[in-house]
Amino acid sequence: MTTLEPARASRDARQRTAAPKLILATTFMGIFLLNLNTMAMNVALPEIGRTFGGSTAGLQWIVDAYTLMFAALLLSAGTLSDRIGASRAFGAGVAVFTVASAACALAPGLGELIAARLIQGSAAAIMLPSSLALVRQAFPDAAERARAIALWTVGGAVAVAAGPVAGGVLSSTLSWRAIFVVNLPVGIATLAVLTRAERSPRRATPLDPYGQLTAIVALAALTFAVIDGGENGFGEPVVLGCLGLAAVATAAFIMVEARTAAPLVPLELFRSRTVTVSVVIGFVANAAFYGLVFVLSLFFQDVLNLSVMAAGLMFLPMMAVIAGANLASARAAARFGPRMPIATGQAIFALAMFGLLWIDEGTSRPVIAAMLIPVGLGLGFFVPSLTAILLNDIAADRAGMAAGILNSFRQTGGALAVAVFGALVADQGEFMVGLRIALCLAAVMLIATTAAALMLPRGRS
C-alpha cells in the first residue's frame, strides 16, 4: 500500500459521511421551498389582485391551480419516482419548479400566472415523495434515518411559520413577484448539490394513467364549478356542465380503480375504518386551515386595510406554535395513544373557529392574532398522530401509497375550501357575512370529524 492510499481512503470516508448530510440539506431546501411558497402566496393575493385587476375568482385560481395539480399528481408521483429513480425525479421536479417560478415572476397577466402555477403544482407533487425517498436512500441506518426524517419534517414546519411573514416582507419592500424570484437561487443550488448525489435505483412499478387522468378531470371540473358558480351563479349552464363532468369523471375514476391491476387508490384500503376516518379528517383539517388563511388574508388587507407586511405578521403567532404542538402530539400519542391527540386537537381547532365568529372591523389587531393561536395549536397537535395511526394500520409495503393518498385528500380539501370559502365571501354581498358562514361551516365539519375520531383505535402508536 502506498502512502497516498490511507489519505485517499480517509478523504473518501469523509466524502461518504458528508454526502448524506448534503442530501438531507438538499431535500430540506426543497420541502422548505414548497411550503414557504404556498403560505407566502396567500398573503400576497390582494396585491396581485390590484396588479392585474383580478376578481376573487381569479385570486382563488392562483391558489387552486397549484393545489389541484399537487393533490391530483401526488397519487402517482411516488410510483413515478420509483420508476425513474428518486434522484432523477427530485432533480426534474426542482428544475421544473424553478423554471415555473421564473414564469410566475415574469407573468404579464393573470392567465399566465395561473398557467405557471399549474406547472409549479405539478413539479411540487413530484418533489415531495422523491425527496423523502432520497432521505431513506441516504440514511440506511434506522436510527439515523429517523433523525433525518424529523429534520426533513422541520423544513416544512419552519416554512409554514415563516411563509406569511416572508410573503409580507417581500411584497411590501419589493413586489409580490419577489416571492417567486427567491425560488431561483434555492432551486439552482439544490440542483448543483444533486449532481454529487448517488443515482437512485429504478423499479419497474406500473403506472395508472387512466386513473390519474380521471382524477385530474374530476378535481378540476368540481373546483371550476364552485369558483365560477360563486362568481356568476350556480344556475349557469357552464357551472352545471362542470358539475356533471365532475360527477362522470368521479364515477369513471372509481370504475378504473376497481378494475385495474395496479390502481392509484386501491379501493380495498377503505374497508379499514381507520383509513377511511383518517382520510376524511385530513380532508377536513386542510379545508378548514387553508380556507381560513385564504379568507383572512383578504379580510386583513381589504377590510382592515392592513399592509401586506402587517397581514403576514397577524399569522405569525398561529404559525409559530405549530412545530411545538407537533412535538407535544408525539409525546401524547406515546402515552395515551394517537386517538387522544387527534380528537383533542380537532376539538381545539373547532372551538377556535367558533371564537373567530366574534371578530369584526373594530376588533383589536393583537386580539385577532391571539385568537388564531388555538388554530395552530389544534392543527399541530393532531396532524402527526393522524399520519401515524394511518401508517400503523396498513402493511409496510403500502405505507408510501397510503401516505400519498392521505396527502392528496388533504390537498384536495384545501383546494375545494379555497373555492367554497372564496365563493361565500364573494357571493354574500357583505364580506363579513360570507366570512362568518365559512367559519361556521369549518367548525361544524371539525366537530363531525372530532366525533369520528372517537371511532379510531385506542392503542398506543
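- Distance check: L377 CG to L372 CG gives 11.0 Å after rounding to the nearest 0.5 Å.
- Looking at heavy atoms from C-beta onward, R259 lies out of side-chain contact with I254 at the 4.5 angstrom threshold.
- Counting heavy-atom neighbours within 6.0 Å of Y210 OH, excluding the residue itself, gives a total of 12 or less.
- In this structure, C104 and A116 approach most closely via the heavy-atom pair SG-CB, 3.5 Å.
- Pairing each heavy atom of F180 with each of R117, the nearest pair is CE2-NH1, 4.1 Å.
- Remark: L416 CG to Q411 CD distance equals 11.5 Å, nearest 0.5 Å.
- Here the shortest heavy-atom pairing between V375 and M318 reads CG1-SD, 3.7 Å.
- Formation of a donor-acceptor pair under 3.5 Å by the N286 side chain with backbone atoms of R410 is found in this model.
- With T260 contributing its side chain and V256 its backbone, the two residues share no donor-acceptor pair below 3.5 Å.
- No donor-acceptor pair under 3.5 Å is formed between the side chain of T449 and the backbone N or O of A452.
- With rounding to the nearest 0.5 Å, the separation of CE in M314 from CG in L296 is 8.5 Å.
- Side-chain polar atoms of T363 and W358 form no donor-acceptor pair below 3.5 angstrom.
- Rounding to the nearest 0.5 Å places CD of E47 at 10.5 Å from CG of L170.
- Rounded to the nearest 0.5 angstrom, I281 CD1 and Q346 CD are separated by 4.5 Å.
- Going from atom OG of S364 over to atom CE of M371 covers 11.0 Å, rounded to the nearest 0.5 Å.
- Here the side chain of R339 pairs a donor or acceptor atom with the backbone of L454 at under 3.5 angstrom.
- Taking the side chain as every heavy atom from C-beta outward, W61 and L118 never approach each other to under 4.5 Å.
- Looking at F289 and F349, their side chains come closer than 4.5 Å, going by heavy atoms from C-beta outward.
- The side-chain heavy atoms of C440 and L357, taken from C-beta on, include a pair separated by under 4.5 Å.
- Using a 4.5 Å cut-off on side-chain heavy atoms (C-beta onward), N183 and Q120 make contact.
- Looking at heavy atoms from C-beta onward, T412 lies in side-chain contact with F283 at the 4.5 angstrom threshold.
- Shown are L356, D360, I359; of these, the side-chain contact (heavy atoms from CB on, under 4.5 Å) with R436 is made only by D360.
- What you find for F382 and P341 is that their closest heavy atoms are CB-O, 3.2 Å.
- At a threshold of 4.5 Å between non-hydrogen side-chain atoms, the residues S408 and F70 do not count as touching.
- A 4.5 Å side-chain heavy-atom check between R50 and Q301 finds at least one atom pair inside the cut-off.
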- Worked verdict on L113 versus W176 for side chain to side chain contact (heavy atoms under 4.5 Å, CB included): CA-CA 12 Å; L113 177 58; W176 61 265; 4.3 Å; yes

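- F294 and G422 get closest at one heavy-atom pair: CE2-CA, 3.8 Å.
- The two residues F421 and V295 make their nearest non-hydrogen contact at CB-CG1, 3.7 Å.
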